[in-house]
Amino acid sequence: MKSVTIGTRGSKLALWQAEFTQSELKKIGIESQLKIIKTKGDQIQHLSFDKIEGKGFFTKEIEQALLDGEIDLAVHSMKDMPTSQPEGLCISAVSYREDSADALIVRKDCYDQNTPLGIPKNGIVGTSSARRKAQIKYIRNDIQLNDIRGNVPTRLKKLQDGQFDAILLATAGINRLNIDMSPYHFIRLSPKEFIPAPAQGVLAWQCKKEDKTMRRILKNLHQKDVADCTNIERRVLQLMDGGCHLPLGVYCEKDTLNNYHVWSVYSHGVDQPLRFFNMSSRTTNQLAESIVDALTKTDA
């Protein structure tokens, strides 16, 4: 087969994902090159996610390049992907799952061991995620929330510069970029308590539906057990008609007996009460639907 062109965003983390994809393809004898594509989410840095119109603002331009035949394969952070695919495209494979937990990164010079999570009283926490805002406010109602944008190193620089007392990041990105956390106080937030975004820590490989050669190649990379869990998480997201605007977290694990265990959280808004719901099931039949019913039911 001719060399494959992989479409990717240009951030350090996106390039790690693309280079990982290249490495996985090389293991099965496929050569490739990268094409960097700027997305709406990269271009609009002054707004938080909930203020950017539409969905797929980290994926749309890359998907268009796929449809136009400029690239053969797209690699995305799966949590950034809308639950419905553009006509003619499909997710053909998903990767292993990196640690799905969120992390709280606190500046050492303001860490307070006498407060929950070590954030100083009325401290400033940086995040642009409605889901993270709602959950951190649930734990510490006194804190101030300020939006923060940029790639992982940029956000850490803003923390170092004193713009924030703490920031929230995905542990997966920190691990993949092998960032030294010793200058900070690092707190891993259990995904069963501080619920991550659906499919957090997973990469999605997308190609044209009609490209049977590419789809066959991607089957060699596909992690079925991961997909079994992310399918449930993303089905909940789809039923909630959600995207990055929605304060929704869903995390699923499958045990050695193939039972599914799901932790979820939802709020109507950042300052609204949170509803947590955990559920276990031996089957995926109506599992996502049951979770959505529990998260959205009206109290008597």
Side-chain angles (χ1 to χ4, degrees), residues 1-42 54-98 100 172-173 175-177 197-235 237-238 243 252 254 258 284 288:
M1 182 184 176
K2 66 179 178 65
S3 182
V4 170
T5 300
I6 301 168
T8 177
R9 295 166 58 208
S11 71
K12 284 189 176 180
L13 185 54
L15 289 173
W16 182 96
Q17 294 173 173
E19 287 162 4
F20 170 78
T21 303
Q22 281 190 296
S23 173
E24 293 299 288
L25 289 173
K26 194 164 189 175
K27 289 176 185 175
I28 56 173
I30 305 295
E31 294 299 322
S32 60
Q33 60 274 330
L34 306 183
K35 182 179 175 67
I36 296 173
I37 299 167
K38 212 161 201 181
T39 67
K40 183 177 181 180
D42 297 312
K55 298 178 184 177
F57 39 79
F58 284 125
T59 60
K60 194 172 182 181
E61 289 78 3
I62 300 174
E63 290 174 332
Q64 190 59 53
L66 257 182
L67 290 168
D68 292 343
E70 296 172 14
I71 59 176
D72 304 300
L73 165 65
V75 55
H76 306 280
S77 176
M78 199 175 190
K79 70 181 179 63
D80 293 334
M81 298 194 74
T83 53
S84 58
Q85 295 290 290
E87 185 68 32
L89 300 183
C90 63
I91 296 174
S92 288
V94 305
S95 74
Y96 79 100
R97 190 168 211 165
E98 180 54 86
S100 59
N175 289 352
R176 284 172 170 154
L177 293 176
Q200 187 157 300
V202 180
L203 308 183
W205 289 301
Q206 185 185 40
C207 67
K208 280 186 176 181
K209 267 186 184 177
E210 65 185 27
D211 190 346
K212 293 180 180 177
T213 302
M214 193 74 251
R215 292 176 69 177
R216 277 196 299 270
I217 289 168
L218 290 172
K219 277 187 178 180
N220 295 288
L221 278 56
H222 185 57
Q223 302 294 316
K224 183 184 179 301
D225 283 344
V226 174
D228 289 344
C229 292
T230 58
N231 284 346
I232 294 166
E233 296 168 9
R234 284 171 57 79
R235 176 62 177 156
L237 181 65
Q238 183 180 47
C252 177
K254 195 161 73 162
N258 288 326
T284 60

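All figures in this text were calculated on a predicted structure; none of them were measured in a lab.
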| said: With a 4.0 Å cut-off on N to O distance, would you call D228 and K224 a salt bridge? | reply: yes
For [Y], is there any backbone N or O sitting under 3.5 Å from a side-chain donor or acceptor partner on [X]?
{"X": "N220", "Y": "I217", "value": "yes"}
{"X": "Q223", "Y": "Y96", "value": "no"}
{"X": "R97", "Y": "Q200", "value": "yes"}

| request: With sequence neighbours excluded, tell me which residues meet side chain to side chain contact (heavy atoms under 4.5 Å, CB included) with K27. | output: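 S23, E24.
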Looking at every non-hydrogen atom in both residues, tell me the closest pair between [X] and [Y] and how far apart they are.
{"X": "P82", "Y": "T59", "value": "CD-OG1, 3.7 Å"}
{"X": "C207", "Y": "L218", "value": "SG-CD1, 4.1 Å"}
{"X": "A227", "Y": "H222", "value": "CB-CE1, 3.6 Å"}
{"X": "I37", "Y": "A65", "value": "CD1-CB, 3.6 Å"}
{"X": "I232", "Y": "A288", "value": "O-CB, 4.2 Å"}
{"X": "C90", "Y": "R215", "value": "SG-NE, 3.9 Å"}

| task | Evaluate the side-chain proximity of E19 to L34: yes if any heavy-atom separation is below 4.5 Å, no if none is. | result |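 With C-beta onward as the side chain, the pair touches.
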| Looking at side-chain heavy atoms only, is the closest gap between M78 and L203 below 4.5 Å? |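 Of all side-chain heavy-atom pairs linking L203 with M78, none is under 4.5 Å.
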| task | Would you sort out whether K35 and T8 count as a side-chain contact (heavy atoms from CB on, under 4.5 Å), showing the intermediate values? | result | CA-CA 6 Å; K35 182 179 175 67; T8 177; over 6 Å; no
| request: Count the heavy atoms of every other residue, nucleotide or ligand shown that sit under 6.0 Å from NZ of K254, and state whether that count exceeds 12. | output: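 For K254, atom NZ is crowded (more than 12 foreign heavy atoms under 6.0 Å).
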What is the distance from atom [atom1] of [X] to atom [atom2] of [Y], rounded to the nearest 0.5 Å?
{"X": "Q85", "Y": "E63", "atom1": "CD", "atom2": "CD", "result": "6.0 Å"}
{"X": "S32", "Y": "I71", "atom1": "OG", "atom2": "CD1", "result": "12.5 Å"}
{"X": "R234", "Y": "M81", "atom1": "CZ", "atom2": "CE", "result": "6.5 Å"}
{"X": "S92", "Y": "Q206", "atom1": "OG", "atom2": "CD", "result": "8.5 Å"}
{"X": "R9", "Y": "I36", "atom1": "CZ", "atom2": "CD1", "result": "11.5 Å"}
{"X": "I28", "Y": "K26", "atom1": "CD1", "atom2": "NZ", "result": "13.0 Å"}

| field | Option among I6, L73, L25, I91 that satisfies the side-chain contact (heavy atoms from CB on, under 4.5 Å) test with W205 | value | L73
| task | Apply side-chain hydrogen bond (donor to acceptor under 3.5 Å, both in side chains) to Q17 and list each qualifying residue two or more places apart in sequence or on a separate chain. | result |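 Once residues adjacent in sequence are excluded, Q17 has no partner under the side-chain hydrogen bond (donor to acceptor under 3.5 Å, both in side chains) criterion.
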| query | Should N231 and T284 be marked as a side-chain contact (heavy atoms from CB on, under 4.5 Å) after you check the CA-CA gap, both sets of side-chain angles, and the distance that decides it? | reply | CA-CA 9 Å; N231 284 346; T284 60; over 6 Å; no
| Looking at residues at least two apart in the chain, or sitting in another chain, which of them share a salt bridge (charged side-chain N to carboxylate O under 4.0 Å, His left out) with R176? | none
